[in-house]
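Okay, structure first, notes after.
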Amino acid sequence: MQNIKKKIEKLKNNLKLKRTLRLIWNITKGKVIYTVLIMIMESLVFMGSLYAFKMLIDIVALPNRIEKYDLAVMYIIAAGLATVILVVLSSLANYITQKHAFLISEYIDDKIHAIAIALDLSFYESPTYFNTLNRAKNAGPDRPSAILTNIISIVKNFMTLTVIGVALISINWVLMPLLALFVLPTLYVRLKFADKLYEWQMQKTPMERKSKYLSSLITGEVAAKEIKSFGLGSYIRSMYKNLRVYLLLEDLRINKKGITNEAVTQILAATGVYSCIAYICLSALKGESSIGDIALFLIVFPQLFGIMQGLSGEISSLYKNNIFLSYLYDLFDLENKMKDPQKPLLISQNSPDLTLDNVKFRYPHVDKTILKSINLKIPAGKVVALVGLNGSGKTTLIKLLCRLYDPTSGTIKLGGEDIKNFKTDDYRKQISVVFQDFVKFNMSVTENIHFGNIHDEADHDFIKDSAIKSGAHDYIKEFPDGYNTTMGRIFENGREVSIGQWQKLAIARALYSKSQFIIFDEATSALDAKSEQEIFDDLREHIGNRGILVISHRVSAVKHADYIYVMSEGEITQEGTHEKLISETGDYAKLFKRKPLATVAEMSKDEAK
């Protein structure tokens, strides 16, 4: 008994039917009720047609049937008219159902994208999130619409079943429960199979994600050069194939078991059908059933069996779609840890400074502290440089400055106010970043630069000015379509350029922003010394009240900064001007004094020019 209670409780938890119905109701704005009303009308008309048909058969079976000629014609006309009405109502119901299904699918698809945009960066650095997202996308925007179809089909079949059941019970009450007894095991087996599929989906998600990743390596353009250069294609293909074969075999094993169990229950159902046929035939031989009853039985019984099987299929499909839809709800229920204040402050536009006061940070689910007691200041109108070896915490520091994460302790202040007191989106507009792993958008040149301030209409003069300052205009003007040229080779007529030219485009995007601060994270690493020098000279000349943070391993990028911080193992170990730091015995001097003389000579030569 306790085991049955647990199964019922599990069934209720998995269904989440109330939430799904509320979701469908809200998306369709209550108009789904029209479909239900049409189905009720269908059932009533169908019941009338059955009654007319039964009465017609009974009249034909009468000895004095010629006297009932007019009545028989009336029943024929009624049955025909009912059939026409049924066709019209069915077509109308199908159209409305499809329309609602499209609306629901588009809503869910957009909802997934909206949630992905709104979530904190911490989710994107967690395998658990990607498993949740992958399952939600596999559950797909079609699940809610499928559930709507399931519910409508169940209601429709149930109404039809009621009508036919009444007709069948009028013949003999034993037939209905006898048939149901043999059909119910099929429903049970299908529900169990849905549970198995759900559990298997949970287990195989990480493996499916890995197989997609391997496929993207083989077929994508990002890794193509290295895969071909190192001859990795066959090896990765073998990894992908072995993984897919394992997943396929496990899918087949589960499906084989489900099909076998269902075959057994179908045999039971067929036994039930023939038991009912035998029962009614024996009743007819004994004279316990009229000709009209027999005719009605022969017409409605195959329909009844089909409807009961269909009802079993729809209920199990509803259950399966609902438990798979729980993947979607898992995504919907994710919550950000970073919250906007109830009464956010307005951000000062009077050249505020950006400061870090005793900031410490460690990533979620990681014990190691990445940043330790960081004190740093980026004044308005100044160029500040940050230098450190790989793994010193520079990239993490950028994430905190952009408020992609909040410090574990300590405070980041803008104009003396804790940045947590501002609306997150408003604060992020104050920071423009050229990331080391910047995105190469396969869109037009104009869009690539306009993304720096997508909230305002594109200012084409400012876009061109930003490209000139970054050096991107020099190659853009050579394109036949100029700033309308599509970048990259993914789409037709796209133009691919060198990594250095892509980097100039990313810099132009940052310059186009109206932010009060710009962060360059190794943003000139792919540029030659001359181009790099021109960019920083122009920045210095037109910096205005903007604060600049330059992160680089190149002395030419940092030596002209107003102030320099040196990071090592998550701590600020040195700070000061280039002249001060290069003369001390510390990480800065070790990093730049060991630079090849050719680099310094080349830099000096470029400066002389």
Take the angle between the ring planes of His578 and Tyr588 and call it parallel below 30°, perpendicular above 60°, tilted in between. perpendicular
Students often mix this up, so state it plainly: with edges at 30° and 60°, are the rings of Phe462 and Tyr512 parallel, tilted or perpendicular? tilted
So, does [X] use its side chain to make a donor-acceptor pair with the main chain of [Y] at under 3.5 Å?
{"X": "Glu522", "Y": "His553", "value": "yes"}
{"X": "Asp330", "Y": "Thr132", "value": "no"}
{"X": "Ser470", "Y": "Ala467", "value": "yes"}
{"X": "Ser215", "Y": "Ser211", "value": "no"}

Going through the distances and angles, do Phe520 and Ile507 end up as a side-chain contact (heavy atoms from CB on, under 4.5 Å)? CA-CA 8 Å; Phe520 293 93; Ile507 293 170; 4.0 Å; yes
For Tyr240 and Lys210, what are the C-alpha separation, side-chain angles and deciding distance, and is it a side-chain contact (heavy atoms from CB on, under 4.5 Å)? CA-CA 8 Å; Tyr240 173 80; Lys210 186 173 182 179; over 6 Å; no
Of Lys477, His473, Glu447, the residue whose pairing with Tyr483 passes side-chain hydrogen bond (donor to acceptor under 3.5 Å, both in side chains): His473
Go through the steps for Ile108 and Ile104 under the test side-chain contact (heavy atoms from CB on, under 4.5 Å), then give the verdict. CA-CA 6 Å; Ile108 296 297; Ile104 293 166; 4.3 Å; yes
How long is the span from the [atom1] atom in [X] to the [atom2] atom in [Y], to the nearest 0.5 Å?
{"X": "Thr408", "Y": "Leu371", "atom1": "OG1", "atom2": "CG", "answer": "8.5 Å"}
{"X": "Leu328", "Y": "Leu133", "atom1": "CG", "atom2": "CG", "answer": "10.0 Å"}
{"X": "Asp521", "Y": "Ile398", "atom1": "CG", "atom2": "CD1", "answer": "3.5 Å"}
{"X": "Leu217", "Y": "Leu232", "atom1": "CG", "atom2": "CG", "answer": "9.0 Å"}
{"X": "Thr219", "Y": "Ile227", "atom1": "OG1", "atom2": "CD1", "answer": "9.0 Å"}
{"X": "Ile412", "Y": "Cys402", "atom1": "CD1", "atom2": "SG", "answer": "9.5 Å"}

Taken in chain and number order and not counting sequence neighbours, the residues that satisfy salt bridge (Lys or Arg N to Asp or Glu O under 4.0 Å) with Glu250 are Arg253
Residues at least two apart in sequence or cross-chain that pass salt bridge (Lys or Arg N to Asp or Glu O under 4.0 Å) with Glu584, listed by chain then number, are Lys580
Are the ring centres of Tyr405 and Tyr363 closer than 6.0 Å? yes
Can a cation-pi geometry be assigned to Arg19 and Tyr329, taking NZ or CZ under 6.0 Å from the six-membered ring centre and within 45° of the ring axis? yes
Is the charged tip of Lys382 near the ring of Tyr563: under 6.0 Å from the six-membered ring centre and within 45° of its axis? no
How far apart are the closest heavy atoms of [X] and [Y], and which atoms are they?
{"X": "Ile347", "Y": "Phe422", "value": "CG1-CD2, 3.5 Å"}
{"X": "Ser466", "Y": "Ala508", "value": "CB-O, 3.5 Å"}
{"X": "Gly452", "Y": "Ser513", "value": "O-CB, 3.3 Å"}

Using side-chain heavy atoms (C-beta onward) and a distance below 4.5 Å, is [X] in contact with [Y]?
{"X": "Thr411", "Y": "Asn358", "answer": "no"}
{"X": "Thr486", "Y": "Arg495", "answer": "no"}
{"X": "Val384", "Y": "Ile564", "answer": "no"}
{"X": "Met207", "Y": "Leu243", "answer": "yes"}
{"X": "Phe441", "Y": "Arg509", "answer": "yes"}
{"X": "Phe517", "Y": "Asp353", "answer": "no"}
{"X": "Ser238", "Y": "Lys241", "answer": "no"}
{"X": "Leu549", "Y": "Ile518", "answer": "no"}

If you measure from the Lys or Arg side-chain nitrogens to the Asp or Glu carboxylate oxygens, is any gap between [X] and [Y] under 4.0 Å?
{"X": "Asp357", "Y": "Lys413", "answer": "yes"}
{"X": "Lys399", "Y": "Glu125", "answer": "yes"}
{"X": "Asp474", "Y": "Lys504", "answer": "no"}
{"X": "Lys514", "Y": "Asp456", "answer": "yes"}

Show the numbers, then the answer: is there a side-chain contact (heavy atoms from CB on, under 4.5 Å) between Lys360 and Ile374? CA-CA 7 Å; Lys360 296 179 183 178; Ile374 300 294; over 6 Å; no
Over 12 non-hydrogen atoms of neighbours within 6.0 angstrom of NZ in Lys469: yes
Around Leu346, counting heavy atoms of other residues, nucleotides and ligands shown, do more than 12 lie under 6.0 Å from its CG? no
Do Lys429 and Asn453 have side-chain N/O donor and acceptor atoms under 3.5 Å apart? no
When you check the side-chain N and O atoms of Thr424 and Arg403, is any donor under 3.5 Å from an acceptor? yes
Salt bridge (Lys or Arg N to Asp or Glu O under 4.0 Å) between Asp340 and Lys420, worked out: CA-CA 7 Å; Asp340 283 334; Lys420 293 180 183 178; over 6 Å; no
